[in-house]
Amino acid sequence: GAEDALLTVSNLEAWYGESHVLHGINFDVRPGEVVTLLGRNGAGKTTTLKSVMGILPKRKGSIVFQGKELMHAPSRHVAKEGIAYCPEERGIFASLSVEENLMLPPQVKPGGMSVEQIFTLFPNLKERLHSQGTKLSGGEQQMLAIGRILRTGAKLLLLDEPTEGLAPVIIQQIGRTIAMLKEQGFTIVLVEQNFRFASTVADRHYVVEQGKVIDMIPNAELEANIGKLHAYLGV
Ligand code: ATP
């Protein structure tokens, strides 16, 4: 990986029980970058994020964050180092209010956002302070899920398909949120199937296919590689 990388994943393999699904994932992320993992359904993007977060028990390879090897670290330790994961299913608790959902994760590092700061970022959420999680729209739930991990103090955010199932205008909002977080110095790994959206927020794209990273495309070269990308993604 790059000398100055914040995160370097090398030769990552992972299993669900006997099922071997990652066969050597390699990528790195520099401080302040937004990179995407692009690929078809089942390519291994979510499994890669879960592996970095330490959620999957059976893994092999190397995950170095800020110079520390995290391959054998439990997920609470990974969180303490400053990595946070926002799952595709968002994990909003239906019976809890917006405020209660925001208060759920512990602040594991100094510098985590206060609830007030999160509301500055997402004014819509403030209006819904006392609403139950399930009363929110899909877009509001996604904002809440992202807002919630900002409380932890993590500087590396792993976002799993934040645009999934959302209307175009809400997708644009999510894009603006990601741009704002980048401006504030966060580093982001984004799993996406929507490469049109990915191209509006990311610096570089890694293509995942059958449990391997098979290509890396700088965002500036995306248009020139559009045919290749269509073939990779089957669109
Ligand atoms: P998607 O967009 O569909 O989530 P993905 O690229 O994120 O795609 P993964 O979810 O990482 O893909 O899945 C990689 C492979 O692992 C797939 O073949 C999938 O069927 C398998 N898999 C995922 N979760 C499990 C699980 N809990 N148990 C067993 N196999 C799983």
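Read the numbers this way: they start at 1 and go in the same order the structure lists the ligands and their atoms. In this chain, numbering begins with 1 at the start of the sequence shown.
Atom CD of Q142 sits about 8.0 Å away from atom CD1 of I92, to the nearest 0.5 Å. Rounding to the nearest 0.5 angstrom, the gap separating the CG atom in L181 from the CZ atom in R176 is 13.0 Å.
Contact annotation for atom 20 (O) of ligand 1: protein absent (non-hydrogen atoms, distance under 4.0 Å). Atom 25 (C) of ligand 1 is approached by the protein to below 4.0 angstrom, counting heavy atoms only.
More than 12 heavy atoms of other residues, nucleotides or ligands lie within 6.0 Å of CD in Q117, so this atom counts as buried by the packing criterion. Atom NZ of K58 is surrounded by more than 12 heavy atoms from other residues, nucleotides or ligands within 6.0 Å.
Between the choices S19, G17, G42, the shortest heavy-atom distance to atom 8 (O) of ligand 1 belongs to G42. One option in T48, V21, D160 has a heavy atom closer to atom 16 (O) of ligand 1 than any other, and that option is V21.
By the 30° and 60° cut-offs, the orientation of the rings of F195 relative to H230 is perpendicular.
Per-residue contacts place E161 under 4.0 angstrom from the following atoms of ligand 1 (heavy atoms of the residue considered): 2 (O). Counting atoms of ligand 1 from 1 in the listed order, those under 4.0 Å from a heavy atom of Q193 are 2 (O). Short contacts between ligand 1 and T47, defined as distances under 4.0 Å to a heavy atom of the residue, involve ligand atoms 9 (P), 11 (O), 13 (O), 14 (C). Each of the atoms 5 (P), 6 (O), 12 (O) of ligand 1 lies under 4.0 Å from some heavy atom of A43.
For G44, the closest heavy-atom approach to ligand 1 falls below 4.0 Å.
A salt bridge is defined here as a Lys NZ or Arg NE, NH1 or NH2 lying under 4.0 Å from an Asp or Glu carboxylate O, and D203 with K182 meets this definition. Using a 4.0 Å cut-off between charged side-chain N and carboxylate O, D160 and R90 make no salt bridge.
For R40, every heavy-atom contact with ligand 1 shorter than 4.0 Å involves the backbone, none the side chain.
For the pair K60 and W15, the tightest heavy-atom approach, listed with the atom from each and the gap, is CB-CZ3, 3.9 Å.
Of the residues L144, L150, L129, the one that meets the side chain to side chain contact (heavy atoms under 4.5 Å, CB included) test with L102 is L144.
For atom 3 (O) of ligand 1, the closest non-hydrogen atom on the protein side is N41 OD1, 3.2 Å. The protein non-hydrogen atom at the shortest distance from atom 4 (O) of ligand 1 is T46 OG1, 3.4 Å. Counting only heavy atoms of the protein, atom 23 (C) of ligand 1 lies nearest to Y16 CE1, 3.5 Å.
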